[in-house]
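Data first, discussion second: the structure below is written as structure tokens.
Below, read A as the first sequence line, B as the second, and so on, with proteins coming before strands; counting in each chain starts at 1.
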Amino acid sequence: MTGDDRLTVAAVEQTTVDVRSYVLTSHRPLRPYEPGSHLVVGLDGVRTCYSLTDDGTAPDAYRISVRRTGRGGLSDALHDTVRVGGQLSVSGPRSAFPPVPHARHHLFVAAGIGITPILSHLGAARRWGRSCSVVYGYRSGAAAHLELVRRLAGADLVEAPGRTALASAVAEAVERQPVGTHLYACGPRAVLDLVTDRCAAAGWPPERVHVEHFTAPDLDAGAPFEVLVRSSGRRLPVPAGVSLLEVLERDGVAVDHLCRTGVCGRCRIGVLAGTPEHRDLVLPAALRDAADRMYPCVSRAGTAELELDL
Amino acid sequence: MTTAPRTPDTAPSYATPLAELAWPFEPGADTYRYWINVERGRRPVATAAGSWGRHVLEVDGGYPAVMAERTAILDREPRRCSALPHALPAAWEALEFGLAEIAPQRPDLFRLQRGDDGVLRWRNDLLGTRWSARTGDPLVDGAHPLAALAGQVQEDLFLLGPREDRLYVDAVAATFTGSWSSSFSLGMSFADLHSPVPRIRDSGMVDRTERFLLSLDPGDVYRRTNWSIYDSGRLDASLEASHRRDPGHAVRSATEHRYGSLRLRVELQHLVRLPATGALLFLIKTQLAAFADIVTVPQWAGQLRSVLAELPEDMAAYKGFARYRPGLLDWFDL
Ligand code: HEM
């Protein structure tokens, strides 16, 4: 599922005062996903990522939980406009916060709505019998999925109502962890900073500390530009999010290609004027500035226009 | 002039029907070099003799013979399947993926069912296999889930997992590799696996390939081919099996061989990014075709001769025919 898909809102549940959980289904089978994955939800041209809360092994639905921020934006729009039976346009799931399977122990730290990917990790850890413990910081009375977390984590849960309690729970957990533990944290910026500082102070290797920010993914659609095809003299616009290769193909310009991901080098074309922005993995370091060639499946333009030797 | 090995080689000879052969040379190309020849999978490709590539795992006409040999090898040498403990979820995902891939190809023989109770049931009437298991069980019908899959499919199976941005072999179930040891590869890094290959280690190609593999999206399926030349139709050309062969055989046959019975050994390789575990499933289907058969397809005969004639010496040595190249080229020209 790489392009956008339309999913049906099968249920909406008020999880806490300001968090709603959405159950999204499809008539087609839903692709499994790695724990900690997110769905990119689009509404009126705005796209935001929401963590999926199940373990992802055999999903019957995609479940996300959305907190109303009160600042407008997509999350508030979802609260205001999405009803059961409605449709949502999504892409993904994408995985950017996966578990490390060979870890000896998994320490999960969640603050606030940051519980969503941690819930997914916790479910997977339980499914596969991985050793884990959870620190969950929340505002009293506003802890999303608390009952489920308690049920799954059992004695391996430390609850921290309030920032001070969370800081000391994190400090203690970080000090106590055995060699080979990996830590996964999701929450607001300040909490993530706290976690990474604590880990650094306790001598954790940075590769064992995984944090998930609440930020949009790097969709990297690139800026729009234009190309001039030398043989035909045609000028073609390349919109953001569309590859030059696709634009050429649509215009009937045959470009030999294979991988479409910038590794095989097959689609190389010559550039006569303008500067390409190389995004491939083919050009060696010494040629990263080359202006006479490019791989149009991924690369774009550093100038407003490129003239192509086609 | 026939080859007469000193010790009897009982391994059966295998021949892939030409109509199913994944011809490894680009249409029209008369040379061959290593490059990252990857393309998306599940698309049939027409060749001069037929087509290939519709499925990721494919049950073809050779299934009964190949499975008989695989079963014999696995019974004799269970260590051909091995896995690191943390690979269990990925092995399970591979098992479910693989069975779901082959089940619809032969509904007369296979039956895959997931009960409402969550139990997975598998039946293979050709091999007489019948088991039920729950996702996550450490053993399926007495075997590791990856070994259980190997017992039902023709392909060799490898699971690679990322660790700090490098790929490592986490599980192996393979009986038909070329001249290397799959069991020895357990735990090895992608870079170390490729270190014996001339040309590619210092070219940056291994690094680029690894970055490509790490950047695959969940569910992506890519494929590539690889080829070499062997002197027999034995599927199991692995180092594990080398003690079963006469050590002088390869060298002697190089001079005495009737070139028509040399085999083009094609590996059709698929790479699948398993979505639920992020592991990389690497599949190799080994195909074998005798030169005498290949030259019945005129386009193939001409192309193969050109490629073999032009290939640089170090690659020809790695591909297994440098020693007898002049005689072989003469044979093509007969
Ligand atoms: C896109 C992915 C890959 C590329 C481009 C690639 C490339 C190559 C090339 C060019 C060779 C030399 C083959 C020859 O001339 O006979 C080779 C050999 C080898 N590769 Fe890969 N490889 C890939 C994936 C893998 C993976 C996933 C494994 C993991 C098991 C692997 C294991 C090996 C081994 C063990 C050899 C040496 C054995 C032999 O000669 O057949 N490769 N590879």
Can you confirm whether more than 12 heavy atoms, excluding those of [X], are under 6.0 Å from its [atom1] atom?
| X | atom1 | value |
| --- | --- | --- |
| B/R121 | CZ | yes |
| A/D289 | CG | no |
| B/F25 | CZ | yes |
| B/R33 | CZ | yes |
| A/D292 | CG | yes |
| A/R293 | CZ | yes |

Pairs of heavy atoms under 4.5 Å with chain A: top-ranked of B/E93, B/E26, B/M205:
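Highest number of pairs under 4.5 Å: B/E26.
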Quick check: closest heavy atoms across [X] and [Y], and the distance to 0.1 Å?
| X | Y | value |
| --- | --- | --- |
| B/T277 | A/E34 | O-OE2, 3.2 Å |
| A/G56 | B/A276 | O-CB, 4.1 Å |
| A/R31 | B/G219 | CD-CA, 4.5 Å |
| A/W128 | B/G136 | CZ3-CA, 3.3 Å |

Report the distance from atom CZ of A/R127 to atom OG1 of B/T135, rounding to the nearest 0.5 Å.
6.5 Å
Enter the distance from A/R104:CZ to B/H86:NE2 here, rounded to the nearest 0.5 Å.
11.5 Å
Please flag which part of A/P101 lies under 4.5 Å from any non-hydrogen atom of chain B: side chain, backbone, both or neither.
both
For the residue pair A/S95 and B/R273, establish whether any side-chain heavy-atom pair is separated by less than 4.5 Å.
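No, their side chains stay 4.5 Å or more apart.
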Turns out that what part of B/F212 lies under 4.5 Å from chain A's heavy atoms comes down to both
